[in-house]
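The structure appears right after this line, and notes come after that.
All ligand and atom numbering here is 1-based and tracks the order in the structure. Residue indices begin at 1 and follow the sequence shown.
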Amino acid sequence: MTLRTNRARRRAATSCLLLASLASVLLPAGASAAPTAAEPTSMQRIVPAPAVVQPNPAATYQVGPGTVVFTSWRSPDALQIGQQLAGVLRPSTGYLIPVIPVPPVDRPLPGISLTLGGADPQVGDEGYQLDVTDRSVVIRANKPAGLFAGVQSLRQLLPGAVEARSRQAGPWTVPGGRIVDYPRYQHRGAMLDVARHFLTVKDVQRYIDQITLYKINYLHLHLTDEQGWRIEIPGWPKLTQIGGSTQVGGGPAGYYTTADYRAILEYARKRYLTVVPEIDGPAHSNAALASYAELNCDGKAQPLFTGVGPAPNGTLCINKPITYKFLDDVIGRIAELTPGPYVDVGGDESISTTPADYATYMHQVEQIVAKHGKRLMGWGAALTVTNPATSTGQFWIYDGTEDKLAQTTHEGATVVMSPCVFSYLDMKYTPTVPADPLGLRWAGYIEVQTAYSWDPTWVLPGVLDSAVLGVETPLWTETVSSVADVDFMAFPRLPAIAEIGWSPLATHDWAGFSGRLAAQGPRWDAMRVNYYRSPQIPWPAGAR
Ligand code: TNX
């Protein structure tokens, strides 16, 4: 990271720390209490906290050798979700767990039922009801996404060992009671930077498995930056041949072929996760400029850049028509491949572009995005110039653009909250954790309690409440180069952000959260997640 960017970012970030101190005043009582050692054993152990939980200590359902998963008749979605659940249960329990579509019944069948339709309307499209008695578990939802969410809760009601891929000792008890659950915000995102260090399709799928367990429903893929171009674009083969050849620190890297990208999209679709592809510009573009000489103002290709921070000349040439032909091809291609509503155009840290040139670039780009039928998403600065009515901004820093960003929400823009001092998963937890070289410091240290101590309603002053779509937690990968690193930086902070996005504000409570988070430890052990054993969390004895 260059000193210049680091210092500028740090200055911009610290004004946010003032807001952080407001958190204790604005959040409900209990939010700053010390962690308790009490490990929740009942239904109250789910992260993110469900909207309504009514435990029934008199009842427990036992998954046994005869347990069957029943799914709604003639619903390929329910069947698929049932098979996913059986895929979790079979290896660890050793049971057969058949998945059987059944017609509607008056009384729950003995077993686990995944039922589409007829749920309380207040649970909407992503919520669910979960009823556990001695005889049955019934998850009922209006839409498949809700059934999927209910299954994630059911997994968390079972002992963590259920996640192991080899046979474990039971019993496989589900605590009794009723849950009625639905999200507070429609957008609960995670961003993965596959440009600074490349992550394979398998690595991304592993992350998808981890984040969807916490009801994350958007995956923002940062596909291009100074150090790498990671997506194949027909007609522009050198983007991946040259731009995809390396990464931070040098050495070989990689890119997604169209088939690879489709594999990510399909894996995400089956987990009710919407992919938001990002093509950053006009800055953060050295990989493209190294691939094609004609994209440079002087017609000379940039050398590849494998350092950290901005490349010396990593900005696209604003006044060359080929820049926009290139963007039309790139954005057109990813719009064609990606089913979700957004194409993200970046727009961050354009320090070497004049405001007029920045506006010229963004105005062209927003027309290209609209032409290809998508909604523009961009880092906060982009919204200082784009049409608010057709744009979604991502708030990340107090760098002078935030007032304008907040203002645009009164003119039709929507916004997603990624405050760097709370939600940046690439920051260190403490001055010494993780050990160098992993983790950055410029936005401060983010221990788990800090990641949990904010709310989307106050983090961007002046924002229109109804324009806040939700939250997103970015993982930048300048220092992150393996799945073990990804695990360590994301867990246990990512579930904190997921809870801020999903759970009603009334459930926000540090003591409760830290206890519920502790219950995830054995689950992550079973999943072989390399999580940070934060001393702030009362992990159960025996957790590795
Ligand atoms: C700022 S957040 C950036 C990224 C870096 C990150 C490192 C944002 C929009 N820009 O390019 O990777 O800091 O923490």
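Inclusion of Asp225 in the set of residues having an N or O under 3.5 Å from an N or O of ligand 1 is not warranted. Considering backbone and side-chain atoms alike, Asp193 places every N or O at 3.5 Å or more from each N or O of ligand 1. Taking any N or O of Trp476, backbone or side chain, none lies under 3.5 Å from an N or O belonging to ligand 1. Of the N or O atoms in Arg196, one or more lie within a sub-3.5 Å distance of an N or O in ligand 1. In terms of polar-atom proximity, Trp396 is not counted as a contact of ligand 1, lacking any N or O under 3.5 Å from an N or O of the ligand.
When each atom of ligand 1 is checked for a heavy atom of Tyr424 under 4.0 Å away, the hits are 2 (S), 8 (C). Near Met427, meaning under 4.0 Å from one of its heavy atoms, ligand 1 places the atoms 14 (O). In the vicinity of Asp426, heavy-atom distances shorter than 4.0 Å reach the ligand 1 atoms 7 (C), 14 (O).
In this structure, Asp193 does not pair ionically with Arg230, as no charged nitrogen and carboxylate oxygen lie closer than 4.0 Å. In summary, Arg333 and Asp329 do not engage in a salt bridge, as defined by a charged side-chain N under 4.0 Å from a carboxylate O.
Scanning for salt bridge (Lys or Arg N to Asp or Glu O under 4.0 Å) contacts around Arg493 gives an empty result, with sequence neighbours left out. Annotation: salt bridge (Lys or Arg N to Asp or Glu O under 4.0 Å) contacts of Lys371 (sequence neighbours excluded): Asp328.
Using bins of under 30°, 30° to 60° and over 60° for the plane-to-plane angle, the ring pair Tyr429/Phe488 lands in the perpendicular bin.
Ligand 1 lies less than 4.0 angstrom from a heavy atom belonging to His284.
Using a 4.0 Å cut-off between heavy atoms, Leu440 contacts ligand 1 through its side chain alone, with no backbone atom that close.
When only modelled atom types and interatomic distance are considered, Thr392 and Thr414 share a side-chain donor-acceptor pair under 3.5 Å. Counted by atom type alone, Glu278 and His222 present one or more donor-acceptor pairs between their side chains at under 3.5 Å.
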